[in-house]
Participant: 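Take this structure, written in structure tokens, and hold onto it; I'll ask about it next.
One is the number of the first residue; the rest follow in order along the sequence.
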Amino acid sequence: MIKLWFSPARLLDEGTTPDYRFSLANERTFLAWIRTALALLGGGIAVAQFLPRAEWGTFREVLAVGLMALGAMCALRAVARWLRCEWAMRHGEDLPPTRFPAALAVVITGGALAVVLYVLISGKA
């Protein structure tokens, strides 16, 4: 399936063409995930630049790199999800289930709590 990432026109040979509204909705969802990925990358850059440096540990750097890595994973997941949904629509199958949104929400919540604790402990709020 990764080959289709770089040559999506090959999807036209698969199944039947779905209603264009569904394909466009799938594309809008893809773009929403890309915006999320960009926001995570921007958040990582902001943490690296603006979160105060503590005398203990490298929490700031770990959090910044973690956010940027999560953004990269989100972008890759967006492409994979778009392709799987498009393929399912062309074959008249149910859309594939995913746990990624829930996992992303849990990780972001954990990161937010960690930042709050960091700021409170470091006393540099």
Side-chain angles (χ1 to χ4, degrees):
M1 276 246 186
I2 290 181
K3 289 180 184 179
L4 290 176
W5 287 20
F6 302 102
S7 58
R10 292 176 51 198
L11 266 178
L12 300 176
D13 298 333
E14 298 277 338
T16 58
T17 303
D19 185 330
Y20 70 91
R21 292 172 291 180
F22 299 126
S23 290
L24 292 174
N26 190 29
E27 187 173 331
R28 284 190 301 273
T29 302
F30 165 77
L31 293 172
W33 281 109
I34 293 298
R35 284 191 301 272
T36 301
L38 288 170
L40 289 166
L41 288 169
I45 292 168
V47 164
Q49 292 299 309
F50 300 115
L51 194 67
R53 184 183 302 264
E55 293 78 36
W56 45 269
T58 58
F59 176 78
R60 182 179 78 164
E61 290 76 12
V62 169
L63 184 61
V65 170
L67 283 170
M68 290 186 268
L70 190 58
M73 285 176 27
C74 193
L76 291 174
R77 182 69 175 122
V79 152
R81 177 76 181 164
W82 170 81
L83 185 62
R84 289 177 63 208
C85 288
E86 194 67 28
W87 190 91
M89 287 188 297
R90 295 190 72 79
H91 288 89
E93 297 179 3
D94 291 339
L95 296 180
T98 180
R99 289 183 221 137
F100 187 73
L104 183 63
V106 167
V107 169
I108 289 174
T109 300
L113 292 174
V115 168
V116 168
L117 288 173
Y118 176 81
V119 170
L120 290 174
I121 290 171
S122 69
K124 297 182 181 182

Participant: Got a second to check how far Glu86's CD is from Leu95's CG, nearest 0.5 Å?
Facilitator: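 Answer rounded to 0.5 Å: 10.0 Å.
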Participant: Under 4.5 Å between side-chain heavy atoms, counting indirect links through other Ile/Leu/Val/Met/Phe/Trp/Tyr residues: same cluster for Val62 and Leu70 or not?
Facilitator: no
Participant: Is Met89 linked to Phe30 within one hydrophobic cluster, defined over Ile, Leu, Val, Met, Phe, Trp and Tyr using a side-chain heavy-atom separation of less than 4.5 Å?
Facilitator: no
Participant: Are there more than 12 heavy atoms of other residues, nucleotides or ligands under 6.0 Å from atom CG of Asp13?
Facilitator: yes
Participant: Look up atom CG in Leu117 and atom CG in Leu113, then write down how far apart they are to the nearest 0.5 Å.
Facilitator: 6.5 Å
Participant: Members other than Phe50 in its cluster, when Ile, Leu, Val, Met, Phe, Trp, Tyr link by side-chain heavy atoms under 4.5 Å?
Facilitator: none
Participant: Minimum heavy-atom separation for Arg84 and Pro97, please, with both atom names.
Facilitator: NH2-O, 4.4 Å
Participant: For Glu27, what residues pass the salt bridge (Lys or Arg N to Asp or Glu O under 4.0 Å) criterion, not counting sequence neighbours?
Facilitator: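 Applying salt bridge (Lys or Arg N to Asp or Glu O under 4.0 Å) to Glu27 gives none.
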Participant: Provide the closest heavy-atom pair for Gly71 versus Leu41 in the form atom of the first, atom of the second, distance.
Facilitator: CA-CG, 4.4 Å
Participant: Of the non-hydrogen atoms in Ala37 and Ala75, which two are nearest, and what is the gap between them?
Facilitator: CB-N, 3.7 Å
Participant: Checking Arg90 against Thr17 for the side-chain contact (heavy atoms from CB on, under 4.5 Å) test, could you report, in this order, the C-alpha distance in whole Å, the side-chain angles of both residues, the deciding distance, and whether it holds?
Facilitator: CA-CA 6 Å; Arg90 295 190 72 79; Thr17 303; 3.5 Å; yes
Participant: Is there a side-chain contact (heavy atoms from CB on, under 4.5 Å) between Cys85 and Phe22 once you walk through the steps?
Facilitator: CA-CA 10 Å; Cys85 288; Phe22 299 126; over 6 Å; no
Participant: Test of understanding: clusters of I, L, V, M, F, W, Y form through side-chain heavy atoms closer than 4.5 Å, transitively. Do Ile45 and Leu38 belong to the same one?
Facilitator: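 Hydrophobic grouping puts Ile45 with Leu38.
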Participant: Could you tell me if the side chain of Trp33 sits less than 4.5 Å from the side chain of Thr29, heavy atoms only?
Facilitator: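 Yes, at least one pair of side-chain atoms sits under 4.5 Å.
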Participant: Kindly compute the distance separating CH2 (Trp82) from CG (Leu31), expressed to the nearest 0.5 Å.
Facilitator: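 Answer rounded to 0.5 Å: 11.0 Å.
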Participant: Taking only residues at least two apart or on different chains, which pairs with a member in residues 14-26 satisfy salt bridge (charged side-chain N to carboxylate O under 4.0 Å, His left out)?
Facilitator: Asp19-Arg21
Participant: Return the minimal non-hydrogen interatomic distance between Thr98 and Arg77, and the atom names on each side.
Facilitator: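 That would be OG1-NH2, 2.7 Å.
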Participant: Write down the atom of Gly44, the atom of Met68, and the distance for their closest heavy-atom approach.
Facilitator: CA-CG, 3.9 Å
Participant: Taking all non-hydrogen atoms of both residues into account, name the closest pair between Leu40 and Cys74 and its distance.
Facilitator: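 For Leu40 and Cys74, the tightest heavy-atom pair comes out as CD1-CB, 4.3 Å.
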Participant: CZ of Arg81 to CG of Leu76: how many Å apart, nearest 0.5 Å?
Facilitator: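 CG of Leu76 is found 15.5 Å from CZ of Arg81.
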